[in-house]
Amino acid sequence: AEAAETAPPVSCLGMFRYATGTDKALMCCGVIGAAINGCTQVAFSYFMQDLVRDINDPIRDSRDEKMLRNLFLFLGVGAMAFTANSMSWIGFATSADRQTLQLRRRFFMDLM
């Protein structure tokens with residue numbers, strides 16, 4: 001019995017051999033969006049600390065002003081997180097679709 005031939009392993013950069021310049025730019029946007037989204041999670045923790053401290057403020061008028069400030073801070077960070085996550089998803093998903101299409105085209109051309 002003959003030993004089955006195994007394909008040589010593919011390097012990490014070899015996975016992107018069908019990526020064009022546009023795909024690489026989309027992946028860079030995806031990485032930047034993912035990094036920003038990770039930073040927003042830290043910002044949420046930081047602002048949550050202020051929120052908990054401001055909830056326990058015994059002066060009602062001061063507490064209401066601080067809670068309104070926290071509301072707008074959370075809305076701003078939430079909007080930033082949504083935008084960064086969308087940028088990340090669009091960058092990676094579009095690049096993956098384009099590379100998969102290119103791989104399929106080359107595969108079918110080899111079949112013919």
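What you see below is based on every heavy atom in this structure, not just the backbone, and it leaves out hydrogens, waters and symmetry mates.
- Surrounding CZ of Arg104 are at most 12 heavy atoms belonging to other residues, nucleotides or ligands under 6.0 Å away.
- Heavy-atom minimum distance, Val10 versus Met15: CG1-N, 4.0 Å.
- Of all heavy-atom pairs between Gly33 and Ser88, the closest is C-CB, 3.9 Å.
- Other residues, nucleotides and ligands place no more than 12 heavy atoms under 6.0 Å from the CE atom of Met48.
- Using a 4.5 Å heavy-atom threshold, the side chains of Arg63 and Asp54 count as separate.
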message: Checking Thr94 against Arg98 for the side-chain contact (heavy atoms from CB on, under 4.5 Å) test, could you report, in this order, the C-alpha distance in whole Å, the side-chain angles of both residues, the deciding distance, and whether it holds?
response: CA-CA 6 Å; Thr94 304; Arg98 290 170 50 94; 4.0 Å; yes

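- Between Met27 and Ala19, the shortest heavy-atom distance links the atoms CE-CB, 4.2 Å.
- Minimum heavy-atom separation, Ile36 to Ala84: CG2-CB, 3.6 Å.
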message: As a quick check of understanding, evaluate side-chain contact (heavy atoms from CB on, under 4.5 Å) for Asp23 and Tyr18, giving each step before the final call.
response: CA-CA 9 Å; Asp23 295 326; Tyr18 297 119; over 6 Å; no

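- Using a 4.0 Å cut-off between charged side-chain N and carboxylate O, Lys66 and Asp50 make no salt bridge.
- Hydrophobic clustering of Ile, Leu, Val, Met, Phe, Trp and Tyr side chains at less than 4.5 Å, counting indirect connections, keeps Phe44 apart from Met80.
- Residues Leu111 and Phe107 form a side-chain contact, since some pair of their non-hydrogen atoms from C-beta on lies under 4.5 Å apart.
- Residues Leu26 and Phe92 form no side-chain contact, since every pair of their non-hydrogen atoms from C-beta on lies 4.5 Å or further apart.
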- request: Determine, stepwise, if the pair Glu65 / Arg69 fulfils side-chain contact (heavy atoms from CB on, under 4.5 Å).
  value: CA-CA 6 Å; Glu65 291 173 8; Arg69 179 183 59 88; over 6 Å; no

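- Taken together through direct or relayed side-chain contacts under 4.5 Å among Ile, Leu, Val, Met, Phe, Trp and Tyr, Tyr46 and Val77 form part of one hydrophobic cluster.
- A heavy-atom distance below 4.5 Å is found between the side chains of Leu68 and Leu71.
- Ile55 and Phe74 fall within a single hydrophobic cluster, where Ile, Leu, Val, Met, Phe, Trp and Tyr are joined by side-chain heavy atoms under 4.5 Å apart, directly or via other members.
- Between Asn37 and Gln41, the closest side-chain pair of non-hydrogen atoms falls below 4.5 Å.
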